[in-house]
Amino acid sequence: MIVEAFVGNVPENAGFGAPPGGTNTPAKVISHMRDLEYDAVVIGAGAAGMAAALRVHAAGFRVAIVDREDHLGGILLQCIHNGFGLHWFKEELTGPEFAERLAAQVREAGIDVYLNTTVMDLVADNGMKSLIACSAEHGVLSFAARAIVLAMGCRERNRGNIGIPGSRPAGVFTAGLAQRLINIDGYAPGKRVVIIGSGDIGLIMARRLSWVGAKVLAVIEILPHPSGLTRNIVQCLHDFDIPLYLSHIVSRIAGQDRVEAVEVTPLENGTPNPAKTFRLECDTVLLSVGLIPENELSKKAGVQLGHDTGGPRVDAHLMTSVDGVFACGNVLHVHDLVDFVADESSRCGGNVAAYLGAGLSAGGQGRVQAGPNVKYVVPHAYVPGQDTQFSLRAMIVKKRGTLQVKRAGVVIKRKTLQHIKPAEMIYFKMKGTELGPAGPDPAPIEISVE
Amino acid sequence: MNDVFDVAIIGAGAIGAALARRLSAYDLSVALLERCADVCFGVSKANSGIIHAGFHHPVSSLKARLEIRGNLMFEQLQHELGFPFKRVGIIVAAFSYEEMKTVEHLYEQGVANGVPRLEICGRERLLMLEPKLNPDTVGGLYAPTGGIVEPYRYVFALVESAVRNGVALKTEFRVVRAQHDGEAYSIESEAGHRVRARRVINAAGLHADQVSAAFGAEAFTIVPRKGEEFLLERNAAGFPNQVIFPVPGRHTKGILVIPTVEGTMMVGPTAVETEDKEDVETTSDNLDRVFAQAMYMVPVISKREIITSFAGSRPVLPGNDFYIGISRSAPHFIQVAGIQSPGLTASPAIAEYVKDLLKQDGQGLTEKAAYDPFLPPSARVREKNPAELDALMSEDPHYGHIACRCESVSEAEIVEAIRKGHTTLDGIKFYTRAGMGRCQGGFCSYRVIKIIARETGIPIEEITKRGGGSRLLLGKIPVAQGESSEQQMK
């Protein structure tokens with residue numbers, strides 16, 4: 001049975017923390033599970049999900065977006081700094097502005113959006129996919145769709161993931177949680193702050209905390225080079241005289257009820273030197289130690305994941321190992337720029353439309369391999385003769401380096417890059433002609449940097 | 001308060017809770033006094049959650065007797081209280097013929113203790129029982145009556161049942177002194193509150209020595225033996241089905257591999273004697289050693305799956321046995337001290353044993369007609385199929401509002417926890433599992449904080465992680481900080 005879909009946003013105050021007995025209580029209780037049918041269902045309403053859905057919709061297919069949050073735009077809504085949109089919208093925007101541009105397009109297109117709705121299960125055998133979701137507003141929903149787009153984004157690595165020793169007091173936050181608390185909820189997580197990890201969110205939070213009157217004592221980075229973008233090192237640390245300790249670790253968090261201090265130990269030749277440990281008195285520790293693609297639903301659907309990216313392995317069409325299940329954005333691999341997320345996802349949406357319509361190009365695909373000094377390349381396959389956009393992450397820091405693509409041992413492309421660093425994703429396109437003529441069993445290509 | 005309680009129990013961990021619940025079946029007025037902001041916040045919080053089979057301790061020990069009796073009581077308790085418990089079985093894996101000798105000794109000890117269905121296994125049999133075991137094993141012991149329980153849910157359920165049957169629970173009641181006036185004790189808390197009780201039971205865990213001293217009872221010293229554990233992700237591949245023990249050392253049962261009853265896995269605990277009872281710090285040097293031992297037994301374990309680590313301390317007395325008895329120096333004072341492993345397993349039997357001691361001390365025990373051993377079931381969204389969830393949502397649509405994505409905990413479950421008195425972030429975490437999953441509260445903390453504020457009226461800035469000074473947020477941000485992009489936004 002296809003019932004009338006819910007279109008657009010639910011009322012703003014229907015989220016968490018709304019007054020009891022107020023608008024938080026749904027007006028009507030749906031007492032039976034409802035079946036819905038679409039050509040494609042997109043899981044996640046961040047930049048990735050919206051960009052993909054818009055493209056599927058534009059091709060004339062019925063698409064729905066499902067998201068567990070109460071808004072379109074995902075994590076962008078708490079990223080109130082600027083620096084977004086330069087590539088995709090050709091102008092500089094804040095996170096919420098970027099999200100709103102896409103959200104306006106989604107509303108205008110009349111795409112069905114299910115907010116405050118959590119996907120509980122995803123079954124993706126061949127043919128129709130089924131997806132079970134629930135929300136206080138809509139009840140239990142059972143979706144059937146021919147294609148699924150995974151666009152769930154990523155989560156932050158936390159204290160347990162990196163095993164920081166010490167006590168377990170209040171006042172240890174991931175940087176993204178702190179960002180949410182300040183920018184959305186208006187609460188200060190702390191007054192004297194030490195940030196562990198020099199990832200972009202941590203750097204941006206160093207500046208944000210300084211602006212709201214907190215003292216950021218230091219950023220501690222285990223690697224010999226920063227993990228965030230250079231512009232953020234300059235604008236968020238240097239401009240605020242916040243010291244960055246490279247090749248240092250936090251060797252202990254101290255404090256009984258609330259954080260009281262951290263102990264910082266320098267690494268010498270990769271090993272901590274306890275003799276040089278120093279103590280920073282603080283009430284708060286923020287962690288900006290990396291992001292992990294959020295693939296719990298992908299696992300339920302039987303999607304094969306790669307160790308290199310932490311996300312699904314995808315073919316040249318960004319389709320996962322399960323037929324009709326696609327992936328894009330941070331669930332696929334962690335991006336630095338939302339512009340590239342939107343670009344990749346829009347392309348993914350185009351592939352979904354092709355899959356639903358005339359069918360994806362049937363040409364044989366060749367493997368794409370990460371060569372020397374490259375952590376990963378996405379997508380994991382290519383079609384000769386077809387323009388392909390590659391995303392890759394280097395493992396080295398180098399000025400004026402070279403990117404090289406080899407096919408069957410022969411160099412087919414060489415490109416000079418001004419800066420190579422792990423913190424900055426390399427995003428480059430190859431023309432179909434460069435990738436060689438189509439054939440039944442294309443040779444693998446290997447991409448390296450030096 | 002002028003009322004005199006018949007019995008005051010000091011400490012609301014597994015022992016105090018089991019005892020309070022047992023006594024709530026009688027016509028007695030009982031007070032349960034807890035120093036922390038919530039129950040199960042002390043020793044029991046860091047428990048491994050194993051229901052031991054009863055072969056680890058010699059027949060002469062009190063431990064062994066109470067362990068085996070306690071083990072047999074868990075089906076009934078689960079039936080009444082609905083906490084997660086599974087009799088998955090325990091395996092002790094040996095990796096040399098020398099170790100097999102110890103296994104034989106454990107077998108004999110277990111048989112003497114009365115452990116049912118114990119079995120000495122050769123290599124093939126052991127690997128058939130547990131295919132995840134390192135094939136280098138030479139054999140071992142299989143105890144099908146061993147099990148796993150979620151320790152906090154067990155303690156919460158006991159306390160909830162006790163309170164429903166009339167027990168007065170007082171949290172944040174840290175006993176500092178007590179005086180007997182010939183009729184009853186006047187027990188004073190650090191905050192200056194008083195409770196009067198004719199009989200007192202010392203179930204104060206790590207602080208049992210200080211409580212004993214406050215009552216002028218026996219002098220003894222509790223030594224904290226710290227243990228660190230690592231929690232591994234729920235759907236990591238290749239968990240063993242049984243709890244896997246190495247062949248034990250002299251003081252501890254060794255590093256174990258424990259599939260938890262909620263589907264995650266624990267590796268640990270270490271055992272280090274410390275001086276500071278408040279020291280529950282984790283250290284960096286344990287990880288490699290613990291994982292080397294665990295991975296030797298179960299090679300599929302990976303450090304990559306760690307979602308958190310934590311430490312807790314066992315309250316240890318010299319001689320390592322439980323100390324349970326009527327005080328010889330303080331009147332109507334019963335000691336229940338040194339309850340380390342297998343304390344959780346033994347807890348219902350300890351409650352039974354202490355009830356008999358109360359009788360021996362002259363306490364009349366008349367069964368209460370209105371006693372209800374059952375707790376109404378509490379719904380957990382993650383255990384429901386879509387049809388069940390649908391039915392649940394017709395009762396309360398907020399079961400469909402998922403607050404914690406990693407553990408699928410709904411807003412309705414969090415509200416239930418708050419209404420049952422769990423108003424700290426940790427209290428809600430241990431009651432509902434919100435924040436206990438792979439993201440460790442990264443996504444749900446702010447939601448839980450807001451729901452606590454909404455339901456209790458506590459200002460957001462005053463909500464704590466676990467009571468006391470553990471405030472989570474340090475104030476509201478003043479509006480208009482002069483940040484241009486923010487102003488543009490509004």
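Heavy atoms only: backbone and side chains are in, while hydrogens, waters and symmetry mates are out. To find a chain, count down the sequence lines: A is the first, B the second, and so on, and within it residues start at 1.
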Item to check | ring pair (Phe, Tyr, Trp, His ring centres under 6.0 Å) partners of B/F230, counting only residues at least two apart | outcome: B/F291
Next on the checklist: Using the ring pair (Phe, Tyr, Trp, His ring centres under 6.0 Å) criterion, which residues pair with B/H422? Sequence neighbours excluded.
Outcome noted: B/F156, B/Y431
Checklist entry - Taking every heavy-atom pair that is under 4.5 Å apart, which of B/E281, B/R471, B/E278 has the most such pairs with chain A? => result B/E281
Considering only heavy atoms, which portion of [X] lies under 4.5 Å from any heavy atom of chain B: side chain, backbone, both, or neither?
X      : value
A/I292 : neither
A/R252 : side chain
A/N161 : both
A/Q256 : both

Please classify the contact of [X] with chain A as side chain, backbone, both or neither, using a heavy-atom distance under 4.5 Å.
X      : value
B/S408 : side chain
B/R382 : neither
B/L389 : both

Checklist entry - When only pairs under 4.5 Å are counted, which of A/S142, A/A133, A/S135, A/P169 shares the most heavy-atom pairs with chain B? => result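 Winner by heavy-atom pair count: A/S135.
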Item to check | N-O pairing of B/R405 and A/E296 below 4.0 Å | outcome: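 The answer is no: the pair does not qualify as a salt bridge.
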Checklist entry - Which pair of non-hydrogen atoms, one from A/L177 and one from B/G442, has the smallest distance, and what is that distance? => result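 Nearest heavy atoms, A/L177 then B/G442: CD1-O, 3.6 Å.
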Checklist entry - Nearest heavy-atom pair of B/T308 and A/R168: which atoms, and what distance? => result OG1-NH2, 3.1 Å
